[in-house]
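Structure first, then comments.
The figures here come from the full heavy-atom set of this structure, side chains too, leaving out hydrogens, waters and symmetry mates. Order of the sequence lines fixes the chain letters, A, B, ..., with proteins taken first and strands second; residue numbering starts at 1 for each chain.
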2 protein chains.
Amino acid sequence: MEDKIFKEFLEKKGLKFTKERAAVLKEVFSTHNHFDPDDLLIKMRKKGIRVSKASIYRTLPLLLECGLVEQVEKIDKHAHYEHTFGHGHHDHLICTKCGRIISLFSEKLERLQEKLCKKENFRSISHTLEIRGYCSKCNAKLK
Amino acid sequence: MEDKIFKEFLEKKGLKFTKERAAVLKEVFSTHNHFDPDDLLIKMRKKGIRVSKASIYRTLPLLLECGLVEQVEKIDKHAHYEHTFGHGHHDHLICTKCGRIISLFSEKLERLQEKLCKKENFRSISHTLEIRGYCSKCNAKLK
DNA sequence: TTTCTATTGCAACTGATTCTCAATTACAAT
DNA sequence: ATTGTAATTGAGAATCAGTTGCAATAGAAA
Ligand SMILES: [Mn+2]
Ligand SMILES: [Mn+2]
Ligand SMILES: [Zn+2]
Ligand SMILES: [Zn+2]
């Protein structure tokens with residue numbers, strides 16, 4: 001469970017599993033969609049959960065660090081995230097027309113990337129692949 | 001020549017090839033390294049070229065639009081660019097230790113990505129692949 | 001020349017993120 | 001239960017990249 005993972009991560013760093021951090025975590029895992037810090041704040045406020053903007057901005061890097069959350073879509077001017085626990089790594093197809101985001105995972109692609117890194121003596125830790133273009137619906141409309 | 005490309009692009013849009021735009025273009029093509037808008041400004045100031053921050057920020061999107069420049073390294077909080085004319089498309093290996101950036105191009109990788117898009121009925125226009133990790137030198141030091 | 005539109009620099013502005021700081025809390029040790 | 005210590009919090013100020021409004025300027029076309 002993500003609570004346990006986060007809790008243990010915090011303990012290991014001498015940090016506390018406070019109710020604010022718990023609340024942010026819960027909210028982050030309440031949807032499978034991508035989100036940004038402001039989304040989070042607004043949704044929490046709506047639910048009557050009292051948490052400050054600062055706490056959200058302070059909690060997200062912790063969630064990143066312990067691997068429960070990843071940063072995605074560096075297209076916009078602000079950061080977007082998605083929780084990753086319970087999902088494997090995946091890449092994204094981003095429709096620049098309607099904003100739809102399609103997840104993509106290919107073992108073959110991952111292996112090929114790894115092979116190319118080896119050739120350069122590069123030890124890869126993580127990667128981001130974002131393919132921009134038109135989704136099937138938008139593409140159909142354009143014709 | 002990039003001047004010609006930019007000039008024709010501007011004309012087509014009813015815009016002018018002013019000396020400021022020409023100066024930004026020249027500076028962008030004066031190095032093969034990645035840069036950010038502030039780099040550009042500082043370098044131009046040093047050379048005594050008078051141009052405003054606003055003009056740089058106004059010119060870069062035009063260079064993007066006509067394909068002479070691409071945005072890279074979506075890691076940092078501010079945008080980074082590289083000129084692409086005279087180079088083909090390529091991806092990046094980024095050493096998170098020393099900051100070294102290694103260009104990578106693989107026909108096979110590109111084809112595979114394309115194939116995966118087809119499977120989703122996605123018409124890809126562009127993509128960014130950034131692999132983060134340790135370069136050979138930094139990796140050696142870690143042992 | 002007159003008119004028109006695009007362009008410029010500057011400074012003010014914006015919006016996202018980070019920081020500062022005083023007040024609060026958790027919790028381990030008395 | 002009380003205290004000491006360090007972590008945490010919210011509020012707002014500060015920062016920083018990027019954008020915008022505007023008055024002055026420059027050119028091209030008429
Ligand atoms: Mn991948
Ligand atoms: Mn995703
Ligand atoms: Zn679409
Ligand atoms: Zn390195």
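With sequence neighbours excluded, the residues forming a side chain to side chain contact (heavy atoms under 4.5 Å, CB included) with A:His87 are A:His32, A:His83, listed by chain and number. Listed by chain and number, the residues in a side chain to side chain donor-acceptor pair (under 3.5 Å) with B:Asn139 are A:Arg123 (sequence neighbours excluded). Not counting sequence neighbours, the partners of B:His78 by the ring-ring contact (aromatic ring centres under 6.0 Å, His included) test are B:His80. Every residue two or more places apart in sequence or in another chain that forms a side chain to side chain donor-acceptor pair (under 3.5 Å) with B:Ser55 is listed here: B:Ser52.
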Practice item. Summarise how protein sits on nucleotides 2-17 of chain C as a single string, 5' to 3': B when a protein heavy atom is under 4.0 Å from the base, S for sugar-phosphate-only contact, - for no contact. Key: ----SSBBB-----SB
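When DNA chain D is scanned 5' to 3' for any atom under 4.0 Å from a heavy atom of chain A, the first and last hits are D:dA7 to D:dA11.
Sorted pairs that involve residues 50-69 of chain A and meet ring-ring contact (aromatic ring centres under 6.0 Å, His included), not counting sequence neighbours, are lacking altogether. For residues 54-64 of chain B, there are no salt bridge (charged side-chain N to carboxylate O under 4.0 Å, His left out) pairs, not counting sequence neighbours. The list of salt bridge (charged side-chain N to carboxylate O under 4.0 Å, His left out) pairs with a residue in residues 32-55 of chain B, not counting sequence neighbours, reads B:Glu27-B:Lys43, B:Glu27-B:Lys47.
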Name each donor-acceptor pair under 3.5 Å that joins a side chain in residues 6-17 of chain A to protein atoms two or more places apart or in another chain, with its distance.
| unit_1 | atom_1 | unit_2 | atom_2 | d |
| --- | --- | --- | --- | --- |
| A:Glu8 | OE2 | A:Lys4 | NZ | 3.4 |
| A:Lys13 | NZ | A:Glu65 | OE1 | 3.1 |
| A:Lys13 | NZ | A:Glu65 | OE2 | 2.8 |

N/O donor-acceptor pairs under 3.5 Å from side chains in residues 112-120 of chain B, not counting sequence neighbours:
| unit_1 | atom_1 | unit_2 | atom_2 | d |
| --- | --- | --- | --- | --- |
| B:Gln113 | OE1 | B:His127 | ND1 | 3.3 |
| B:Gln113 | OE1 | B:His127 | NE2 | 3.2 |
| B:Glu114 | OE1 | B:Ser124 | OG | 2.9 |

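Ion pairing between A:Glu130 and A:Arg132 holds under the 4.0 Å rule for side-chain N and carboxylate O.
Summary of helix geometry: the two end axes of the helix from C:dT1-D:dA30 to C:dT30-D:dA1, each defined by five base pairs via their C1' atoms, are inclined to each other by 10° (rounded to 10°).
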